[in-house]
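First the proteins, then the strands, lettered A, B, ... as listed; each starts at 1.
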Amino acid sequence: MDFRYSPEDEAFRKEVRDWIKENLPESWATEQEALGISEDSFQMALEWQKRLYKRGWVGLTWPKEYGGGGGTLMQQVILSEEMAKARAPGIANTLGVGMAGPTILSFGTEEQKKQFIPKILSGEEIWCQGFSEPDAGSDLANLKARAIRDGDYYVVNGQKVWSTFAQYGDRCLLLVRTDPDVLPKHRGITYLLMDMKTPGIEVKPLKQMTGDSEFNEMFLDNVRVPVSNRLGEENRGWYVAMGTLAFERAGMGQAIMFKQVLNEIFRLAAKTKRNGIPAIKDSTIRQRLAQCAIECEIMRLNSYRSLSTSLKGGGPGPEEMFSKLFWSEMNQRMTELAAQILGIDSVIEGEGEAQLWQYRFLRSRGNTLEQGSSEILRNVIGERVLGIPR
Amino acid sequence: MDFRYSPEDEAFRKEVRDWIKENLPESWATEQEALGISEDSFQMALEWQKRLYKRGWVGLTWPKEYGGGGGTLMQQVILSEEMAKARAPGIANTLGVGMAGPTILSFGTEEQKKQFIPKILSGEEIWCQGFSEPDAGSDLANLKARAIRDGDYYVVNGQKVWSTFAQYGDRCLLLVRTDPDVLPKHRGITYLLMDMKTPGIEVKPLKQMTGDSEFNEMFLDNVRVPVSNRLGEENRGWYVAMGTLAFERAGMGQAIMFKQVLNEIFRLAAKTKRNGIPAIKDSTIRQRLAQCAIECEIMRLNSYRSLSTSLKGGGPGPEEMFSKLFWSEMNQRMTELAAQILGIDSVIEGEGEAQLWQYRFLRSRGNTLEQGSSEILRNVIGERVLGIPR
Amino acid sequence: MEFTLNEEQQMLKGIARDFLENRCPKAHVRDMLTDEKGYSPELWQDMAELGWQGLMLPEEYGGTGGDFVDMVVLIEEMGRALLPGPFIPTVVYGGVAILQAGTSEKKNELLPRIAQGELSLTLALQESSERFDAEGVAAEAVEKEDHYILSGTKILVPYAHVADYILCVCRSRSSSDAEDGISLFLVDAEGEGISCITRTTFDGRKLCDVKLGEVKVSKANLLGEPHGCWPLVKRLVDHGSVAMCAEAIGGAQMAMEMSISYAKERIQFGRPIGTNQAIKHKCANMFVDVECGRSIMYWAAWAVDEGVPEASLAVPMAKSWCCDTYRRVAADSIQVHGGIGFTWDHDIPLYFKRAKTLEYTFGDCDYQREIVVRELERQLASG
Amino acid sequence: MEFTLNEEQQMLKGIARDFLENRCPKAHVRDMLTDEKGYSPELWQDMAELGWQGLMLPEEYGGTGGDFVDMVVLIEEMGRALLPGPFIPTVVYGGVAILQAGTSEKKNELLPRIAQGELSLTLALQESSERFDAEGVAAEAVEKEDHYILSGTKILVPYAHVADYILCVCRSRSSSDAEDGISLFLVDAEGEGISCITRTTFDGRKLCDVKLGEVKVSKANLLGEPHGCWPLVKRLVDHGSVAMCAEAIGGAQMAMEMSISYAKERIQFGRPIGTNQAIKHKCANMFVDVECGRSIMYWAAWAVDEGVPEASLAVPMAKSWCCDTYRRVAADSIQVHGGIGFTWDHDIPLYFKRAKTLEYTFGDCDYQREIVVRELERQLASG
């Protein structure tokens with residue numbers, strides 16, 4: 001057991017730091033979150049992605065032949081760590097790089113890889129997704145958006161919800177039903193890569209309780225998707241989709257981001273009075289601060305364990321199975337603590353720091369719902385990891 | 001809404017207080033709990049029951065014709081309150097008065113009432129129960145102890161567990177299977193009143209994690225129970241049993257008992273140092289003390305609500321549906337708090353106050369299991385009270 | 001011993017529910033989120049016609065002579081409907097203060113107008129110290145001939161921007177005992193020297209910073225004894241806290257009912273989601289918490305109304321339990337509803353936000369628990 | 001970057017599990033509940049033959065030269081088996097203290113005997129003040145020619161009744177800084193003036209009150225610098241705390257495995273009880289908590305072993321999380337098992353009781369969290 005980084009790793013880290021110092025405008029470090037979900041925020045993310053892409057640091061571990069960086073996993077981790085420490089903005093093509101790319105690299109044809117991967121990395125084509133439907137949330141296999149084969153095309157009709165970033169999307173990861181009769185239902189699902197400019201697609205933003213719109217409803221009316229844009233075989237889309245979800249791991253960068261949020265809460269507790277005394281002098285606040293700090297540290301260590309297992313070529317370790325379950329509930333506790341420290345100021349509309357905490361607090365309620373609710377994730381752990389029957 | 005007692009009630013209260021002052025030896029107030037589950041403790045309870053019986057205060061609300069007191073519900077509540085305040089010992093025939101009597105009064109024949117009720121009240125016949133079996137715990141309807149009709153007798157074979165006070169029992173509330181084939185299974189169950197002196201009964205104490213034995217295993221080998229001792233119809237015992245469980249309400253006396261335990265914890269916190277300072281100066285301990293105090297008070301108020309509804313002749317109110325769920329989990333929090341205040345002293349074997357808290361702490365773990373586990377009770381609330389499907 | 005709603009209370013509850021379902025649907029609540037006043041004067045007038053503003057006032061002042069428990073029955077329904085507006089400030093702070101401490105002239109002048117829905121009042125207590133006790137009162141009242149001059153800044157004053165009168169808690173005399181020297185003034189909100197900055201909570205309520213810049217107030221506008229008003233102020237806060245408990249329980253009840261319905265109706269994996277214990281047990285816990293909250297809330301209401309000593313424990317206990325409950329129930333309701341419960345257009349987030357605002361008003365649940373322990377220590381010490 | 005067990009560690013783990021399943025079954029654990037010594041000297045000897053007491057000692061002293069992480073791998077298995085006895089006091093307190101601060105004479109004299117299983121040691125730190133910091137140390141050591149005279153009373157000294165040597169933490173010099181003036185003495189447990197009262201915890205461990213009645217200790221038996229031993233004592237406590245975390249995680253792991261098995265096997269209502277989310281999700285939570293505990297426990301072990309500054313945060317974090325986890329997992333295991341899990345003869349209560357004892361040793365989880373915040377405040381203040 002050894003938690004030290006090798007000299008090569010540290011050299012790469014310095015390279016990253018130096019580059020960030022030169023390329024990341026100082027104000028960007030905090031500006032993006034303040035901008036919320038907006039066109040301005042998206043444009044900043046796009047510009048940042050372009051700069052990173054030029055340096056070869058989008059898709060750092062992806063094959064060079066498709067525009068990737070050809071780097072090591074360790075380098076990728078260091079890159080994420082440093083980006084998080086510098087509070088760099090996110091990239092624009094979150095879903096493209098986080099989900100579409102890895103999925104196409106795993107399941108796509110050579111043509112598909114050549115066609116899509118480079119533009120994912122450069123940000124030329126922004127990806128969104130269309131998985132859930134009104135009656136297919138936790139029960140995703142129940143999806144009904146129907147695709148009927150018509151020559152070299154699938155003709156798709158149906159409705160999607162919770163389509164992340166569909167308002168900015170050029171292309172879409174789409175799950176459709178190609179066999180309506182088969183049981184179990186997940187055997188009749190096909191995975192398509194849909195061009196968002198195809199006629200018949202209508203996107204309606206879905207306003208969240210925060211007031212922002214990250215998600216959308218998407219209505220599909222006789223949308224024609226070429227069969228060549230099918231990923232994997234017909235009716236085998238479920239297996240591709242399950243592969244996709246495996247790429248949604250929380251990484252080291254996220255752990256560091258939480259640690260920074262924690263430090264902000266500490267500073268908030270030091271400067272905010274609660275019932276007449278600084279919040280940080282209050283034992284019950286201190287207990288909660290400590291608990292959040294412990295959980296943040298555990299998240300970091302779990303990421304190290306995953307990394308260490310991956311570096312040795314092992315499959316996902318136990319700690320990866322609950323990473324999202326863990327941080328989503330932790331984040332609710334953290335943002336609730338910040339709100340409690342601020343007290344009534346956290347519920348008043350306005351501007352400035354209190355407003356940011358208000359946003360984070362409200363937004364965190366979605367964490368335990370999106371990408372598998374906590375209830376579903378506990379089922380998965382109980383059934384798939386611990387082997388308890390359904 | 002009015003939380004005051006009427007002058008008549010207050011007069012009765014004074015009568016009870018005066019009587020207790022004359023009839024309850026001072027040392028008894030604390031001695032019984034210190035004696036634990038033992039023959040001495042049982043004999044004290046029996047003596048106490050006899051004194052109360054002589055005064056007409058066992059079964060205060062039961063009809064006079066069977067030896068009851070013919071009093072009002074309000075008087076019964078006041079009696080319980082005062083007994084709890086004086087820390088009077090429990091009576092010996094807990095199960096007889098708490099469960100057997102009310103069940104026989106509701107479902108028994110005139111002969112059964114005349115035969116059993118007076119001796120329940122006087123303590124001449126101590127009752128125990130035989131419901132659960134190794135494979136019928138939460139799933140009580142799955143019970144298998146088989147009773148086969150043989151003339152005027154049922155011949156019973158099988159095994160029971162968690163038989164409360166079977167070691168002292170003269171008579172037993174017994175659930176047996178008379179129809180092994182019927183579905184749903186609960187339609188083949190019969191309710192018997194078994195004489196514990198019948199040949200073929202073997203009782204083995206079941207040692208709990210506290211070291212005490214409140215419960216027993218009971219082995220039945222060709223035990224002959226007269227058909228005249230059947231309660232209700234053959235194969236209809238389930239409905240009688242469900243009626244029985246309804247009598248297991250937590251009452252006002254219990255609420256007061258918890259309030260006294262709470263006060264003890266307060267005193268404990270005041271005199272016990274924790275990390276160098278009195279525990280009561282520690283904010284996190286204070287928060288927990290407050291939460292326990294609030295819960296104790298809620299339990300008292302819920303009892304008042306039940307009482308008020310009953311006085312008006314109404315059925316059980318919503319608060320009765322979760323009384324046991326509520327206090328069992330509250331008691332775990334309370335005893336865990338006391339243990340935490342004592343710290344390491346609470347885990348060391350010895351004598352005195354710490355030992356009593358250790359016992360209470362360990363014993364409380366059984367609260368969420370006995371008489372319907374918390375999981376089962378939440379199901380019942382969800383399904384029967386809220387109408388959510390199974 | 002009587003711990004059930006009487007017939008009149010049940011009738012009041014029924015009427016209130018029908019009226020508010022009709023007149024205060026969620027569309028109205030949403031409209032008020034961005035409304036400058038934050039409430040509908042028309043609805044206010046119609047409530048007055050139902051006798052709501054006068055519910056606790058004696059008949060001689062145009063009221064119906066109910067008690068605080070009746071009021072709490074009504075407020076529970078307002079919480080269920082998320083009714084916005086200055087009802088509690090006007091009726092519970094203003095009405096109770098004038099009724100309990102006003103001169104007969106003030107009573108005759110103001111109470112009938114409250115009952116008729118002509119007046120809106122509020123209470124200005126808190127200051128930048130963000131304390132809830134007497135030590136937090138720094139705003140000064142200096143005696144001068146037949147009047148006082150008030151100066152200082154009050155914060156978080158509910159609906160001061162639409163108030164006709166503001167009850168101002170000021171320090172009129174310095175003393176080693178912080179609770180001594182507190183006076184309560186009935187201040188004309190239009191009076192000279194008063195300025196008001198209005199802030200909106202995320203559930204659409206209005207909280208104002210009220211600046212008292214040398215405001216001249218006649219001695220006739222003193223409420224209660226000069227310098228000795230802290231007990232009255234505390235009583236007002238107790239009334240207000242219990243009113244908030246009622247709002248919380250009413251709101252939690254509604255969020256729970258919505259969750260239970262959704263648990264029965266929403267089908268996933270071929271069966272209602274409520275068949276899963278993760279959902280079913282959440283609903284069961286909501287039920288337990290809400291019913292327990294109802295028990296302690298009504299107990300506190302009765303104790304405050306009767307002015308019995310038990311009130312000093314009942315109020316912080318109720319505030320802590322009911323606000324914890326509302327927060328937990330609303331959060332779990334989002335979880336039961338899944339993604340749809342996280343959207344702007346769904347009603348559950350309105351309850352979730354309201355729960356937070358109530359929780360932080362007059363001290364959060366930790367604070368209330370600390371008060372509970374202090375009071376219990378005092379009681380145990382005095383035997 | 002390497003956060004997995006290496007091959008040797010995995011082998012050690014496997015051997016330990018097999019050996020302990022065989023030699024320390026629950027029947028042995030139960031026998032020891034009422035045993036006067038509280039452990040089996042025979043088993044102790046066999047463990048020494050496996051090299052366990054010498055695991056962390058250099059080869060020159062008869063050890064195998066492992067590190068503290070290796071030791072923690074072993075102790076995790078001991079926690080799983082609920083092995084009673086003075087292993088941690090002897091090996092972690094005694095062994096580490098002598099290795100880090102002993103003179104070469106003492107090392108040569110004692111370490112080989114530890115490795116061979118000939119010696120049992122313990123640490124006497126706490127006193128009636130029930131504090132865990134230097135201010136709690138009141139026992140005095142008065143210098144006199146070539147020796148010190150020790151007086152005072154130490155409490156909660158593990159297995160002092162069977163110890164050959166007791167490491168006594170005493171105040172040898174008064175100072176305004178409580179951490180200054182602390183010395184550590186290696187005291188012959190049979191020495192004149194020492195008396196020992198043995199108490200038994202409900203999980204069968206022995207904790208002794210050790211009275212130091214003018215005990216004469218030669219200067220040769222000083223460990224480390226006189227007056228400057230608090231950092232060493234703290235290091236010993238850190239090692240001990242992490243060892244307890246390992247015990248906790250090993251025990252919690254076993255309680256969890258038993259619960260999962262029971263959830264799969266126990267049939268009620270015609271199906272395994274684990275099909276109910278109330279049970280399934282409890283098991284899932286156990287799994288998350290235990291795995292997280294393992295992550296932070298190994299991190300703390302590495303940090304303590306390396307002596308890096310991160311240890312000051314890692315240790316209280318690990319102690320708090322691991323002990324919380326053990327308590328929760330054991331309590332939930334009783335609940336999963338139902339009535340049978342509440343009986344004396346079932347193994348789960350043994351884990352439940354062990355969890356409580358570990359929780360309260362060296363400060364409960366609240367205390368650890370308070371230390372975490374203090375340390376974080378210090379770090380943030382110093383940038």
What parts of residues 326-334 of chain D touch chain B if we use heavy atoms and a cut-off under 4.5 Å?
Arg327(D), Ala331(D), Ile334(D)
If I take atom CG from residue Asp345(B) and atom CZ from residue Arg199(D), how far apart are they, to the nearest 0.5 angstrom?
5.5 Å
Between Phe361(B) and Phe352(D), is the ring centroid distance below 6.0 Å?
yes
Side-chain heavy atoms of Asn275(B) within contact of Glu370(D), under 4.5 Å:
no
Taking the side chain as everything from C-beta on, heavy atoms only, tell me whether Ile267(D) gets closer than 4.5 Å to Asp135(B).
no
Taking salt bridge (charged side-chain N to carboxylate O under 4.0 Å, His left out) as the definition, give me every residue that meets it alongside Glu375(D), ordered by chain and number, with sequence neighbours left out.
Arg378(D)
Are Val347(B) and Asp203(D) close enough that some pair of their side-chain heavy atoms sits under 4.5 Å apart?
no
Take Asp366(D) and Gln340(B) through the side-chain hydrogen bond (donor to acceptor under 3.5 Å, both in side chains) test and state the conclusion after the steps.
CA-CA 10 Å; Asp366(D) 286 354; Gln340(B) 198 196 10; 3.0 Å; yes
Given salt bridge (charged side-chain N to carboxylate O under 4.0 Å, His left out), test Arg266(D) with Asp139(B) step by step and report yes or no.
CA-CA 11 Å; Arg266(D) 168 75 172 169; Asp139(B) 185 10; over 6 Å; no
Are any of the side-chain heavy atoms of Phe202(D) and Gln358(B) separated by less than 4.5 Å?
yes
Do Tyr360(D) and Ile348(B) come close enough that some side-chain heavy atom pair is under 4.5 Å?
no
Checking the side chain of Gln268(D) only, and the main-chain atoms of Gly137(B) only, is there a donor and an acceptor separated by less than 3.5 Å?
yes
List the steps and the verdict of side chain to side chain contact (heavy atoms under 4.5 Å, CB included) for Lys282(D) and Glu375(B).
CA-CA 11 Å; Lys282(D) 267 196 187 73; Glu375(B) 290 77 18; 2.7 Å; yes
Pairing donors with acceptors under 3.5 angstrom, does anything connect the side chains of Ser373(B) and Gln335(D)?
no
